[in-house]
Enquirer: 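Take this structure, written in C-alpha cells, and hold onto it; I'll ask about it next.
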Amino acid sequence: MGSATRSALESARAQLAASTGIDLAAGEQLLFAARTIGSSPQLTSALTDRSVEPEAKAELIGSIFGGFTAPARALLEGMVASRWSSGDELLAGVEEIGIRAVAQSAPASVEVESELFAFGRAVASDAELELAIGSKRGDAEGKLSLVQSLLGRSASPQTLAIAGHLVQQPRGRRIGALVRHGAALVADVAGKGVATVTVAQPLTEAQRDAISASLQRRYGRAFTLDQVIDPAVIGGARVQVGDEVIDGSVAARLTELKLRLAG
C-alpha cells in the first residue's frame with residue numbers, strides 16, 4: 001500500500017466515523033459503486049487522475065451515482081477527491097468503507113463475521129459450489145444468486161450484502177481470502193480482531209474461552225475465532241492472527257522432534 005493510499009484510507013475512515021445517517025442502504029450503495037467503478041477502466045482512470053480537479057470528480061460521481069443517499073454520496077466524493085496510489089487501491093478503499101458501513105448497521109446481537117465464516121466453510125465443503133462461485137467465467141448475477149440461495153433467511157441482511165459483493169467482485173481473491181478479509185473488517189468495526197484456529201476436533205466452549213482470553217492478553221483486544229477442523233494437526237491448536245502463526249499443535253511438535261533427532 002502506497003503512502004498516498006494510506007493517507008486517503010485514514011481520511012475515509014475518519015469521514016465514515018464522523019458521518020450521520022449511515023445505514024445498510026448507504027453501505028450497499030458504496031459496495032455497488034465499487035463494483036461499478038471496477039467494471040470500467042475508463043471510470044477508474046478518471047477518478048484517480050491527479051490532473052482532474054476534485055470538483056470535476058464530484059460532478060462525475062453525481063452524474064453516475066446521483067440516486068445515492070446524501071451520506072453515501074458524500075463519502076464517495078470524499079474518497080475520489082483524495083489521492084490514491086493506484087486504481088486498484090481506490091477500489092479496495094471504496095470496498096473497505098462500504099463493508100465497514102454495512103457492518104456498523106448490524107444490530108449488536110448479530111455476529112456478521114461469524115456468519116461470514118460459516119458461509120466460507122459451507123462453500124469450501126462443496127467442490128462444485130466452490131468452483132461455481134470462484135470461477136472467473138461465472139457471471140456476477142449467477143454468483144449472487146448462489147449466495148442468496150445458500151444463505152437464504154439464515155443470515156443477516158448485512159452478511160448477504162457483504163458476501164454478495166465479495167463474490168461478484170473477487171479481484172483475484174479465492175473464497176477463503178475473501179471471507180477472511182470481509183470478516184476482519186467487520187470485526188474491526190466492533191473493536192475486535194479475527195483469529196483462525198485450526199484443531200483436530202471441535203473446540204469445547206471452555207477451550208474457546210481460554211483461547212480468546214489468551215489472545216486478548218497478548219494483543220489487547222477481543223477476538224472472533226474462525227474454527228477450522230483438520231485431523232492432520234492431531235491435537236493441540238494452530239492459531240493464526242494476520243501473518244503471525246502460533247503453532248501449538250501436536251503435528252508441529254512431532255515435526256520439531258523429528259528435525260532435532262535428524263540433526
Enquirer: To the nearest 0.5 Å, tell me how far Ser149 OG sits from Leu129 CG.
Expert: 10.0 Å
Enquirer: Measuring from Arg121:CZ to Leu116:CG, what's the distance to the nearest 0.5 Å?
Expert: 10.5 Å
Enquirer: Spell out, yes or no, whether Leu166 and Phe32 are grouped together once hydrophobic residues are joined by side-chain heavy atoms under 4.5 Å, including indirect joins.
Expert: no
Enquirer: Working to the nearest 0.5 angstrom, can you tell me the gap between Ile162 CD1 and Phe119 CZ?
Expert: 11.5 Å
Enquirer: Can you tell me how far apart CE (Met79) and CD1 (Ile61) are? Round to the nearest 0.5 Å.
Expert: 8.5 Å
Enquirer: State which residues pass side-chain hydrogen bond (donor to acceptor under 3.5 Å, both in side chains) with Glu244; sequence neighbours excluded, sorted by chain then number.
Expert: Arg218, Tyr219
Enquirer: Ala200 and Ile234: which non-hydrogen atoms are nearest, and at how many Å?
Expert: CB-O, 3.5 Å
Enquirer: Enumerate donor-acceptor pairs with a distance under 3.5 Å from any side-chain N or O in residues 181-194 to protein atoms, sequence neighbours excluded.
Expert:
from	atom 1	to	atom 2	distance (Å)
His181	NE2	Glu95	OE2	3.2
Asp188	OD1	Arg221	NH2	2.9
Asp188	OD2	Arg100	NH1	3.0
Asp188	OD2	Arg100	NH2	2.9
Lys192	NZ	Glu113	OE2	2.9
Lys192	NZ	Thr224	OG1	3.4

Enquirer: Where the side chain of Gln169 meets the backbone of Ala34, is there a donor-acceptor pair that is under 3.5 Å apart?
Expert: yes
Enquirer: Can you list the residues that meet the ring-ring contact (aromatic ring centres under 6.0 Å, His included) rule with Phe117, with sequence neighbours excluded?
Expert: none
Enquirer: Under 4.5 Å between any side-chain heavy atoms of Gln29 and Thr69, yes or no?
Expert: yes
Enquirer: Grab the two heavy atoms, one from Ala237 and one from Val197, that are nearest each other, plus how far apart they are.
Expert: CB-CG1, 4.1 Å
Enquirer: Nearest heavy-atom pair of Gly142 and Asp139: which atoms, and what distance?
Expert: N-OD2, 2.7 Å
Enquirer: Which atoms form the tightest heavy-atom contact between Val239 and Ala195, and what is the distance?
Expert: CG1-CB, 4.2 Å
Enquirer: Evaluate the side-chain proximity of Val110 to Pro107: yes if any heavy-atom separation is below 4.5 Å, no if none is.
Expert: yes
Enquirer: Let me check something: do Leu43 and Trp84 share a hydrophobic cluster, defined by ILVMFWY side-chain heavy atoms less than 4.5 Å apart, either directly or through other members?
Expert: yes
Enquirer: In the single-linkage hydrophobic clustering (I, L, V, M, F, W, Y; side-chain heavy atoms under 4.5 Å), do Leu203 and Val233 co-cluster?
Expert: no
Enquirer: Between CD1 of Ile37 and CD of Gln42, what distance do you get to the nearest 0.5 Å?
Expert: 13.0 Å
Enquirer: Donor-acceptor check, side chain of Ser7 to backbone of Ser3, threshold 3.5 angstrom: yes or no?
Expert: no
Enquirer: Which pairs would a plain distance check flag for residues 154-161, meaning a side-chain donor or acceptor within less than 3.5 Å of a matching protein atom at least two apart in sequence or in another chain?
Expert:
from	atom 1	to	atom 2	distance (Å)
Ser154	OG	Leu151	O	2.5
Ser156	OG	Glu115	OE1	2.8
Ser156	OG	Thr159	N	3.2
Ser156	OG	Thr159	OG1	3.0
Gln158	NE2	Ser105	O	3.4
Gln158	NE2	Ser105	OG	3.2
Thr159	OG1	Glu115	OE1	2.4

Enquirer: Tell me whether Arg173 contacts the main-chain N or O of Pro170 through its side chain, where contact means a donor paired with an acceptor under 3.5 Å.
Expert: yes
Enquirer: Is it possible for you to say whether Val112 and Leu144 belong to one hydrophobic cluster, with membership spreading through side-chain heavy-atom contacts below 4.5 Å?
Expert: no
Enquirer: Please check if the side chain of Gln168 supplies one atom and the backbone of Gly164 the other of a donor-acceptor pair under 3.5 Å.
Expert: yes
Enquirer: Got a sec, which pairs hit side-chain hydrogen bond (donor to acceptor under 3.5 Å, both in side chains) with one end in residues 43-64, sequence neighbours left out?
Expert: Asp49-Ser51
Enquirer: At what distance, to the nearest 0.5 angstrom, does CG of Leu90 lie from OG1 of Thr5?
Expert: 8.5 Å
Enquirer: Looking at Gln207 and Thr204, would you say the former's side chain and the latter's main chain have a donor-acceptor pair under 3.5 Å?
Expert: yes
Enquirer: Can you list everything that forms a ring-ring contact (aromatic ring centres under 6.0 Å, His included) with Phe68? Sequence neighbours excluded, please.
Expert: Phe65
Enquirer: Please tell me whether Ile99 and Ile22 are part of a single hydrophobic cluster in this structure, the criterion being side-chain heavy atoms less than 4.5 Å apart.
Expert: no
Enquirer: Quick one: are Arg238 and Ile246 in side-chain contact, heavy atoms under 4.5 Å?
Expert: no
